[in-house]
Amino acid sequence: MASAAQWLEGARPRTLPNAIAPILVGTGAAASLDAAVWWKALLSLLVSLALIIGVNFANDYSDGVRGTDDDRVGPLRLVGSGVASPASVRAAAIASLTVGAVFGLILAITTAWWLVLVGAVCLAGAWFYTGGRKPYGYSGFGEIAVFVFFGLIAVLGTEYVQAQRIDWTGLVGAIAVGSFSSAVLVTNNLRDIPTDSLTGKTTLAVRLGDTRTRTLHLALLVVPFLASLVLVARTPWALVGLLAAPLAVRSNTPVRGGQNGPGLIPSLRDTGLAMLLWSILTGLALGIA
C-alpha cells in the first residue's frame with residue numbers, strides 16, 4: 001500500500017503551477033475590467049487544482065496499466081512502480097475530477113448554464129489524454145490540449161465567470177500561459193523520448209525528434225515575454241512580467257545544453273516556476289491597471 005508521501009508524489013505537485021497560473025492571469029484580466037469577484041476566483045482555483053490532480057492520477061492509471069511507466073527516469077508513478085493498485089489510483093482520479101466538477105457546477109449555476117458543456121469537455125479531455133482506446137496524448141496532441149485547457153479555457157473561463165465577458169487582455173494572457181504550460185509538457189516529453197518510443201507513445205516530442213523539440217521549448221518560452229510587451233497597451237506595469245525572464249532562461253539551459261533523462265528535471269521545475277512568477281507579476285499588473 002502506498003504511503004501518504006507516495007500518494008502526494010503521485011499527485012505530481014510540480015505540475016500545480018499549471019493550475020494556479022491561469023487563475024492568477026484570468027483574475028488579473030477581470031480586475032482590469034473592474035470586475036474581479038474573489039469568491040469566484042477561489043472557486044476557479046479549486047476547479048483547476050482538482051482537475052490537474054485528477055488528470056495526473058488518470059495518467060498514472062492509464063499509463064500504468066498500459067505498461068508505459070514500467071521503465072522510467074522521472075518521478076515515482078504509483079501504478080507503474082507497483083506501490084498502489086490500478087483500482088485505487090483510478091478511484092483517486094475519479095474522486096479528484098468529481099470534486100472539480102462539483103465546484104465547476106457551482107460556477108456554472110452562478111454564471112451561465114452553457115459552462116456545464118465546457119466543463120464536460122474539460123473532463124473528457126482529462127480522462128482521454130491517456131485513457132480510452134485511442135488516447136490523444138499518445139498521438140502527439142498533448143501540447144495542443146494543454147494549451148487549450150490550461151491556457152485558453154482556464155484563463156478566459158476565469159475572466160468570464162467574474163467579468164461576464166472576455167477581452168483581448170485575457171486572450172493575450174491565455175496565449176502566454178498556454179505557451180508556458182505547453183513548454184512544461186514539452187520538457188517532460190523530451191525527457192521521455194527514449195522510453196516513449198519503445199512503448200508506442202507517439203508524443204509530439206517523438207514526432208519532432210530531439211533537436212526540434214529543444215527548439216520548440218525555447219520558442220514557447222519566448223511567447224509570454226512578447227505577451228508582456230503587447231499588454232503594455234493595457235498597462236505599462238505589464239513590463240514587470242519581464243522579471244521572470246532570467247528564470248525562463250535558466251529553465252531552458254539544460255534543454256539548450258543537450259541534457260537528457262534526469263538532467264532535464266531541473267528544467268521541468270524551473271519552467272513551472274517561471275510560469276508561476278510571470279503569472280503572479282502579470283496578474284498583479286493587470287489588477288492595478
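Note that these values count all heavy atoms, side chains included, but never hydrogens, waters or copies made by symmetry. Bear in mind the structure is a predicted one, so any value in this text is a computation, not a measurement. For reference, positions follow the sequence shown, starting with 1.
A ring-centre distance under 6.0 Å is found for Tyr129 and Tyr136. Aromatic rings from Trp127 and Phe57 are positioned such that their centres are separated by 6.0 Å or more.
Between the Thr27 side chain and the Ala41 main chain, no donor and acceptor come within less than 3.5 Å of each other. The backbone N or O of Gly178 sits nowhere less than 3.5 Å from a side-chain atom of Ser181 that would complete a donor-acceptor pair. Checking side-chain atoms of Thr195 against main-chain N and O of Asp192 turns up a donor-acceptor pair under 3.5 Å. Ser139 places no side-chain N or O within 3.5 Å of a backbone atom of Phe141 that could act as its donor or acceptor partner. Side chain of Arg90 to backbone of Pro86: no donor-acceptor contact under 3.5 angstrom is found. Put simply, the side chain of Asp60 never gets that close to the backbone of Asn56: no donor and acceptor are under 3.5 Å apart. In terms of modelled atom types and a separation under 3.5 Å, the side chain of Asp167 and the main chain of Gly170 share a donor-acceptor contact. Between the Thr235 side chain and the Leu231 main chain, no donor and acceptor come within less than 3.5 Å of each other. Looking at Ser62, its side chain does come within 3.5 Å of a backbone N or O of Ala58 through a donor-acceptor pair. Without hydrogens or angle criteria, Arg214 side chain to Val255 main chain gives a donor-acceptor distance under 3.5 Å.
We find the OG1-CG distance between Thr282 and Leu243 to be 9.5 Å, quoted to the nearest 0.5 Å.
Minimum heavy-atom separation, Leu97 to Ala126: CD2-CB, 4.0 Å. Among all heavy-atom pairs drawn from Leu8 and Pro13, the shortest one is O-CD, 3.2 Å. For the pair Leu268 and Asn188, the tightest heavy-atom approach, listed with the atom from each and the gap, is CD2-N, 3.7 Å. The shortest heavy-atom contact between Pro22 and Ala154 is CB-CB, 3.5 Å. Smallest separation of non-hydrogen atoms from Arg66 and Pro135: NH2-CD, 3.5 Å.
The local environment of CZ in Arg269 is crowded, with over 12 non-hydrogen atoms from other residues, nucleotides or ligands closer than 6.0 Å. Environment of CH2 in Trp7: crowded, with over 12 heavy atoms of neighbouring residues, nucleotides or ligands closer than 6.0 Å. Counting non-hydrogen atoms of other residues, nucleotides and ligands closer than 6.0 Å to CH2 of Trp38 gives a total of 12 or fewer.
Using modelled atom types and a 3.5 Å distance limit, the side chains of Arg234 and Ser32 yield a donor-acceptor pair. For the 3.5 Å distance criterion, the side chains of Ser179 and Ser182 fail to qualify, holding no donor opposite an acceptor.
Residues His217 and Arg212 have side chains not in contact (no heavy-atom distance under 4.5 Å, counting atoms from C-beta outward).
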